[in-house]
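Report on the structure given below.
One is the number of the first residue; the rest follow in order along the sequence.
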Amino acid sequence: MITKTRLFPILLLVALCAGCLFLTPQPAFGSIAETEAVTAADEATQQQPEQTVSSSAFIRFIQHNLTDLTFLHKLHFLLYLIAPLAILAFSLVMFLRKNWKNPRLLFALSLSEFLFAFGNASVGTSSFPWFCDYTIVGWIVTILCFLYLLRLLVTQITILRATIAGLSDRRPIRIGLLLFYIAIAVSFTFFFSGKGLYWMAPVVVAAMWYFTRKNLTDSPAETWRFIGYTGVVFGGLIIFFLQTIGFILLVFLILFLVRGFGESQGASHPVEEQPDHTDALLERAADGTPFVRHSDGSSTQLRDLGNGDFQDFNGTPWHDSGNGHMFR
């Protein structure tokens with residue numbers, strides 16, 4: 001039986017996370033400039049009131065992207081900024097309810113991922129999304145966001161695989177659907193982020209409509225509903241995954257290098273030297289039997305061949321260097 005989860009505690013938790021980002025002081029982006037000579041013009045400039053700079057890197061990040069910029073940039077930046085909070089809210093509801101089959105919540109979650117992708121493609125300046133950029137949110141929030149992001153993507157990818165597998169038993173149709181969802185994700189992101197290639201989106205929709213109508217649905221209306229719903233649900237997942245995969249791979253690469261360095265340090269213990277049996281001293285027993293005394297104290301009995309050479313019972317030849325040292 002599915003337990004009901006109130007939305008107010010979820011929204012309160014998301015608002016609390018956003019408030020912490022606003023209030024937490026973080027290191028400044030740049031270093032302090034070197035002191036320069038003050039001229040008469042500089043003195044006049046210094047008399048003007050200085051602008052207050054917030055101690056929160058998150059607030060400085062917002063001010064930098066909302067000041068003296070175009071309306072389209074501000075709109076894309078707001079999508080880039082607010083959509084992750086919506087993703088967190090919808091996904092928390094589904095995680096706590098343990099119900100990932102709710103079509104409305106799944107649609108809202110993927111639509112939020114699509115909106116984030118539009119903003120990220122337009123104003124994103126690095127491979128790190130802002131909620132995983134330690135210079136903006138700090139190391140603790142970065143680690144927590146990475147772990148939650150990884151859990152969310154794994155859950156959604158599992159849903160994608162199960163859905164495509166349930167739509168058809170034919171492998172070409174499954175592969176075709178996956179390629180169409182990737183095409184929808186990329187083309188619509190280009191279309192709504194202003195990156196050009198506007199013709200891609202209608203072409204992809206038309207091709208997917210024909211493919212779906214021929215292989216999966218029986219009526220045009222059902223075809224449009226299928227494309228509209230699954231296109232958003234799985235297209236949003238795919239583009240969100242593509243825009244965060246660089247950060248995920250970088251984290252795993254760092255962990256791999258750290259682990260390899262730790263193992264190499266642990267394996268660097270001194271290795272015991274094996275006794276060298278190629279250099280030994282020639283000695284003779286009381287009855288004249290020759291043998292070699294090795295550096296580790298052990299001995300090997302020899303047989304004198306009569307020409308200055310010797311041989312042990314394994315057939316290995318030993319040679320006398322003339323000064324009492326034997327070599328094999």
(message) I'd like to check the side-chain hydrogen bond (donor to acceptor under 3.5 Å, both in side chains) partners of Y210; sequence neighbours left out, ordered by chain and number.
(response) none
(request) List the atom of A117, the atom of Q243, and the distance in Å for their closest heavy-atom pair. (result) CA-OE1, 3.1 Å
(message) Test of understanding: clusters of I, L, V, M, F, W, Y form through side-chain heavy atoms closer than 4.5 Å, transitively. Do L78 and L72 belong to the same one?
(response) no
(request) Locate the shortest heavy-atom distance separating C132 from C145; write the atom from each residue and the value. (result) SG-CB, 3.8 Å
(message) Counting only heavy atoms from other residues, nucleotides and ligands, does the tally under 6.0 Å from CZ of F226 exceed 12?
(response) yes
(request) Find out whether I136 and R60 are in side-chain contact, i.e. whether some heavy atom of one side chain is under 4.5 Å from a heavy atom of the other. (result) no
(request) Report the C-alpha separation of L109 and M94 in whole Å, then their side-chain angles, then the decisive distance to 0.1 Å, and conclude whether the side-chain contact (heavy atoms from CB on, under 4.5 Å) test is met. (result) CA-CA 10 Å; L109 171 63; M94 288 189 286; 3.4 Å; yes
(request) Determine the minimum heavy-atom distance between H76 and S193, stating which atoms define it. (result) CE1-O, 3.7 Å
(request) Please assess F90 against S112 for the test side-chain contact (heavy atoms from CB on, under 4.5 Å), listing each intermediate value before the final yes or no. (result) CA-CA 9 Å; F90 291 124; S112 301; 3.6 Å; yes
(message) I'd like to check the ring pair (Phe, Tyr, Trp, His ring centres under 6.0 Å) partners of F191; sequence neighbours left out, ordered by chain and number.
(response) Y198
(message) What I'd like to find out is whether the side chain of F131 reaches to under 4.5 Å of the side chain of V141, using heavy atoms alone.
(response) no
(request) Taking the side chain as every heavy atom from C-beta outward, state whether T189 and F114 have any atom pair closer than 4.5 Å. (result) yes
(message) Taking ring pair (Phe, Tyr, Trp, His ring centres under 6.0 Å) as the definition, give me every residue that meets it alongside F77, ordered by chain and number, with sequence neighbours left out.
(response) F61
(request) Just jot down the side-chain contact (heavy atoms from CB on, under 4.5 Å) partners of P220, sequence neighbours excluded, or say none. (result) W209, R213
(message) Test of understanding: with side-chain hydrogen bond (donor to acceptor under 3.5 Å, both in side chains), list the residues that count as partners of T230, not counting sequence neighbours.
(response) Y181
(request) Would you indicate whether the side-chain heavy atoms of E222 and R225 approach each other to under 4.5 Å? (result) yes
(message) Under the rule for ring pair (Phe, Tyr, Trp, His ring centres under 6.0 Å), what residues qualify as partners of F192, not counting sequence neighbours?
(response) F118
(request) Please name all residues satisfying side-chain hydrogen bond (donor to acceptor under 3.5 Å, both in side chains) with R171, sequence neighbours left out, ordered by chain then number. (result) none
(request) Measure the shortest side-chain to side-chain distance between W224 and V205 over non-hydrogen atoms and say whether it is less than 4.5 angstrom. (result) yes
(request) Could you please spell out the steps behind the side-chain contact (heavy atoms from CB on, under 4.5 Å) verdict for T70 and L75? (result) CA-CA 9 Å; T70 63; L75 177 61; over 6 Å; no
(request) Check the pair L237, V233 against side-chain contact (heavy atoms from CB on, under 4.5 Å), reporting the backbone distance first and the verdict last. (result) CA-CA 7 Å; L237 159 65; V233 170; over 6 Å; no
(request) Using side-chain hydrogen bond (donor to acceptor under 3.5 Å, both in side chains) as the criterion, list what pairs up with T223, not counting sequence neighbours. (result) T217
(request) For the residue pair Q63 and I59, establish whether any side-chain heavy-atom pair is separated by less than 4.5 Å. (result) yes
(message) Restricting to ring pair (Phe, Tyr, Trp, His ring centres under 6.0 Å), what partner residues turn up for W199, sequence neighbours left out?
(response) none
(request) Return yes if some donor-acceptor pair links the side-chain N/O of D133 with the main-chain N/O of P129 below 3.5 Å, else return no. (result) no
Would you mind writing out the side-chain donor-acceptor pairs for residues 147-159 within the sub-3.5 Å range, not counting sequence neighbours?
| residue | atom | partner | partner atom | Å |
| --- | --- | --- | --- | --- |
| Y148 | OH | S91 | OG | 2.6 |
| Y148 | OH | L92 | N | 3.4 |
| T155 | OG1 | R151 | O | 2.9 |
| Q156 | NE2 | E113 | OE1 | 3.3 |
| Q156 | NE2 | E113 | OE2 | 3.4 |
| T158 | OG1 | V154 | O | 2.8 |

(message) So for atom CD1, which belongs to I140, do other residues, nucleotides or ligands contribute more than 12 heavy atoms lying within a distance under 6.0 Å?
(response) no
(request) Sorted by first residue and then second, give each salt bridge (Lys or Arg N to Asp or Glu O under 4.0 Å) pair with at least one member in residues 246-260; sequence neighbours left out. (result) R259-E263
(message) I'd like to check M208 versus I184 (side-chain heavy atoms, cut-off strictly below 4.5 Å). Are they in contact?
(response) yes
(request) Answer yes if L179 and I173 sit in the same cluster of Ile, Leu, Val, Met, Phe, Trp and Tyr residues linked by side chain heavy atoms under 4.5 Å apart, and no otherwise. (result) no
(message) Check for me, please, whether V204 and L242 land in the same ILVMFWY cluster - side-chain distances under 4.5 Å, paths through other members count.
(response) yes
(request) For A83, enumerate each residue passing the side-chain contact (heavy atoms from CB on, under 4.5 Å) test, keeping only those at least two apart in sequence or located in another chain. (result) L115, F116
(request) Compare all side-chain heavy atoms of T163 with those of F234 and state whether any distance is below 4.5 angstrom. (result) yes
